[in-house]
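Throughout, a chain's letter reflects where its sequence line sits, starting with A, and its residues are numbered from 1.
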Amino acid sequence: MGLRIYNTLTRKKEEFSPLKDKQVRMYVCGVTLYDKLHLGHARAAVVFDTIFRYLEYKGYKVTYVTNFTDVDDKMIKRARELNTTIFNLAERFIGEYFEQMEKLGVKRASFYPRATEHIREIIELIKKLEEKGIAYEKDGDVFFRVKKFPDYGKLSGQSLTELLAGVRIDVDEKKENPFDFALWKKAKEGEPSWDSPWGRGRPGWHIECSAMAMRYLGESIDLHGGGKDLIFPHHENEIAQSEAATGKKFARFWVHNGLVTINEQKMAKSAGNFVTLSEALEKYGGEVVRYYLLSVHYRSPLNYSEEGLNEATSSLERIYNVLERIEEAIVEEDKKFTLKNISPGVKRLSDKFFDSMDDDFNTPSAFAAIFELVKEANSIMENPLDDSSKTTLYYIAHQIRKAGKILGLFQKEGNKLETKTDKLIQILIDVRNILRREKRWDLADLIREKLQEVGIKLEDKKDKTVWRTFLALPEKK
RNA sequence: GGCGGCGUAGCCAAGUGGCCAAGGCGGAGGAUUGCAAAUCCUCUAUUCCCCGGUUCAAAUCCGGGCGCCGCCUCCA
């Protein structure tokens, strides 16, 4: 079955295929490096990372580019407030960005271009538009003439006339049309600026993405992504600039993730309602946050709640529990399977995972498939195990790990403490079991409680006691 | 005002014409257990915001309400 992706441009799910055989060129609008990341940024990063991973799983060679906006009004303002330069500011937030992305299990993209490092490409692109009569210069600013691009509005589903009817943007005297947008901005006193044919200045926001996407991926790309809030005007303008300049279709699939809300309102710095990514990571750990972000379909809004994160913790714990139980139940030589030894029912469940992912990356449905496998495995382990059930168990564990690799989850290994600690825990367990035999429950329970406090959980089975760490929780120092 | 979207159990959340409306969290009861944890079994939406309509058949399509959200200005 083929992968189907919802395309904002056509407003329907379409069969995905790249322009060039098995190569996918994908560009996702990244972040502006002026402040801390919040959960909204995390969502976009995790969603597109999952898409990236799934495309690779499907056998595509993916070139994934996501940019850093390192020059704009906010950067300049922030740098001034902190009495530093936009370059220092950028360095600082890039460091933080990668640190947090790693915790979220976000793989490195192929390239992370920065606007300030592509001024030449940006200028070239603007010149091209100027030559075609699509861009016009006015007192050192350069604007895009939207009237010259008949398709303007095709992504957001609004025609220029409709847009003009509801116009509430400040009318800029320099612009011929209120929807004309800046390609190049004349430098004001003390602002970072670069030489250009129109004098000292800096790029407008939208142009950097067009220039960098083309620089790394070519004039036509397969998939372009970002948050839903970027559809208009950012992506609309990217299309206009790029297609006006090249005469070619800029991106075939436009993919937009839903926004994170809090109390049903969009999470945003300006409104003051946001949860920083660092707070969430600290409290719940990267894997729980990632699970939480993927527990809702990527196009739907996600309303932040602590309960949601707590539920995610419990759910993740359930998955790790079964993986550990299977690990305990089988030995090395059971770790093989041939598909024909697996019952059709179990196979169907693992297919359901991939069918769900094929259906516009339906992760909630994919999780359901995983939980059905979890139930099946636990259920098998209620009874004495024979070769066939061990094979099935291994198959299930294998499939869950495989699914986890795509989702960026379930990759931790349990009970992996250094041998000495391992032995110490075993000593405590042995002592405790002696106490239990002598029915000295108070002491036995005390040992269990104390171990729990340091993150080690004991489970008394029929004939043995096993210990686990809390894999779903953030590591405590 | 224009454009896009949402409303499914206590909570989260799939499902867009047809078996008993997935799955998770939580809760209740039972099994197991010294207790706990983990796990299993049963139960927890005769019904999908409301009202009409189309159809043999609708949560799913159409019309009309009500409520909510996003974009139209920087924003993942």
Side-chain angles (χ1 to χ4, degrees), chain A residues 8 11 28-32 34 37-48 66 69 72-74 77 153 156-159 161-170 179 205 225-234 236 256-261 264-271 291-292 295-297 299-303 305 307-319 321-322 324-325 352 356 359 362-372 374-375 377-383 436-437 439-442 444-445 448-449 452 457-462 465-468:
Chain A
T8 307
R11 292 173 212 294
V28 174
C29 291
V31 296
T32 303
Y34 79 105
L37 299 176
H38 62 236
L39 282 173
H41 301 111
R43 184 177 193 196
V46 165
V47 161
F48 288 102
T66 186
T69 297
D72 83 327
D73 292 346
K74 284 181 189 160
K77 183 165 171 255
S156 54
Q158 301 233 91
S159 67
T161 11
E162 283 167 340
L163 284 163
L164 283 166
V167 67
R168 4 178 260 244
I169 52 177
D170 294 336
F179 283 94
W205 174 40
K228 270 194 157 87
D229 50 353
L230 297 182
I231 295 173
F232 193 91
H234 186 55
E236 195 70 71
H256 293 97
N257 64 274
L259 304 179
V260 177
T261 59
E264 310 291 343
Q265 304 288 317
K266 178 179 172 179
M267 185 175 283
K269 281 278 157 48
S270 47
Y291 181 98
Y292 176 62
S295 67
V296 177
H297 184 86
R299 281 191 283 117
S300 305
L302 168 59
N303 192 40
S305 74
E307 299 93 293
L309 260 332
N310 288 330
E311 285 178 11
T313 309
S314 305
S315 304
L316 241 196
E317 200 66 51
R318 177 165 161 87
I319 291 170
N321 280 338
V322 79
E324 295 212 284
R325 283 188 78 195
K352 183 179 162 187
S356 300
D359 183 16
N362 192 338
T363 50
S365 171
F367 279 134
I370 291 170
F371 280 108
E372 287 180 64
V374 168
K375 191 177 202 77
N378 278 322
S379 192
I380 288 171
M381 287 186 282
E382 284 300 294
N383 299 308
R436 289 175 69 214
R437 231 170 286 138
K439 300 202 189 305
R440 294 164 69 178
W441 309 123
D442 49 340
D445 290 349
R448 188 171 59 194
E449 274 164 37
Q452 173 123 354
K457 164 172 74 169
L458 298 190
E459 293 178 11
D460 296 323
K461 305 284 179 186
K462 264 247 166 340
T465 298
V466 299
W467 65 274
R468 304 214 164 107

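- Residue A:Gly226 is in sugar-phosphate contact alone, with no base atom involved, counting any heavy-atom pair closer than 4.0 Å across all strands shown.
- The side chain of A:Glu264 lies closest to B:C69 when the candidates are B:G70, B:A14, B:C69.
- Rounded to whole Å, the distance from CZ on A:Phe371 to C1' on B:U39 is 15 Å.
- Taking atom P on both nucleotides, B:A45 is separated from B:A22 by 11 Å, rounded to a whole Å.
- Backbone-only contact: A:Asn378 has heavy atoms under 4.0 Å from sugar-phosphate atoms and none from a base.
- B:G29 and B:C19 are spaced 29 Å apart, taking the C1' atom of each and rounding to whole Å.
- Counting any heavy atom pair closer than 4.0 Å across all strands shown, A:Leu230 reaches sugar-phosphate atoms only and no base atom.
- Within the nucleic acid shown, A:Val28 has no heavy atom closer than 4.0 Å to any nucleic acid atom.
- Across all strands shown, A:Lys439 has no heavy atoms under 4.0 Å from either base or sugar-phosphate atoms.
- A donor and an acceptor atom never sit less than 3.5 Å apart when one is taken from the side chain of A:Glu372 and the other from the base of B:G23.
- If you check every strand for non-hydrogen atoms under 4.0 Å, A:His297 touches sugar and phosphate atoms only.
- The base of B:A76 lies outside donor-acceptor range of the side chain of A:Arg43, with no N or O pair under 3.5 Å.
- For A:Arg318 against B:C25, a side-chain-to-base donor-acceptor contact under 3.5 Å is absent.
- The side chain of A:Lys266 lies closest to B:G70 when the candidates are B:C40, B:U32, B:G70.
- Within 4.0 Å (heavy atoms only), A:Met267 reaches at least one base atom of the nucleic acid.
- Between B:G24, B:A76, B:G34, one nucleotide has an atom nearer to the side chain of A:Ser315 than all others, and that is B:G24.
- Across all strands shown, A:Ser300 has heavy atoms under 4.0 Å from sugar-phosphate atoms exclusively, and none from any base.
- Distance noted for atom P between B:C51 and B:U44: 24 Å (whole Å).
- Using a 4.0 Å heavy-atom distance criterion, A:Ile370 is classed as making no nucleic acid contact.
- Residue contacts for A:Gly153: at a heavy-atom cut-off of 4.0 Å it reaches no nucleic acid atom on any strand shown.
- Between B:A36 and A:Gln452, no contact under 4.0 Å exists linking OP1 or OP2 to a side-chain N or O.
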Close N/O contacts between protein and nucleotides 3-6 of chain B (under 3.5 Å):
from: B:C3; atom 1: O4'; to: A:Gln158; atom 2: OE1; distance (Å): 2.7
from: B:C3; atom 1: O2'; to: A:Ser156; atom 2: O; distance (Å): 2.9

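- Relative to the side chain of A:Lys457, the nucleotides B:C25, B:A37, B:C72 differ in distance, and B:A37 lies closest.
- The base of B:C35 is paired with the side chain of A:Asp460 by a donor and an acceptor separated by under 3.5 Å.
- Using modelled atom types, no side-chain atom of A:Tyr34 and backbone atom of A:Thr69 make a donor-acceptor pair closer than 3.5 Å.
- The base of B:G34 sits within donor-acceptor range of the side chain of A:Asp445, with an N or O pair under 3.5 Å.
- For the OP1/OP2 pair of B:A76 and a distance below 4.0 Å, the side-chain nitrogens and oxygens of A:Asn257 include no atom meeting the criterion.
- With a cut-off of 3.5 Å on both pairing distances, B:A22 has no Watson-Crick or G-U wobble partner at all.
- The phosphate of B:A22 (OP1 or OP2) has no side-chain N or O of A:Ser356 nearer than 4.0 angstrom.
- B:G34 is unpaired under the criterion used here, namely a Watson-Crick or G-U wobble arrangement in which both key atom distances are under 3.5 Å.
- The phosphate of B:C12 (OP1 or OP2) has no side-chain N or O of A:Asn303 nearer than 4.0 angstrom.
- For A:Phe367 and B:G24, the ring-to-base geometry does not satisfy the stacking test (centroid distance below 5.5 Å, interplanar angle below 30°).
- Among the nucleotides B:C40, B:A14, B:A76, the one closest to any side-chain atom of A:Pro364 is B:A14.
- Residue A:Arg325 is classed as a sugar-phosphate contact, given heavy-atom separations below 4.0 Å to backbone atoms only.
- When the C1' atom is compared between B:G18 and B:U47, the two are found 16 Å apart, to the nearest whole Å.
- Across the strands present, B:G52 finds its partner in B:C62; the criterion is a Watson-Crick or G-U wobble pair with both atom distances under 3.5 angstrom.
- Contact annotation: A:Lys375 reaches the phosphate of B:C41 (side-chain N/O to OP1 or OP2, under 4.0 Å).
- A 3.5 Å limit on both hydrogen-bonding distances identifies B:U42 as the Watson-Crick or G-U partner of B:A28.
- When each of B:C25, B:A76, B:G15 is scored by its nearest atom to the side-chain atoms of A:Glu311, the top-ranked nucleotide is B:C25.
- Of the nucleotides present, B:C6 is the one that pairs with B:G67 by Watson-Crick or G-U wobble criteria, both distances under 3.5 Å.
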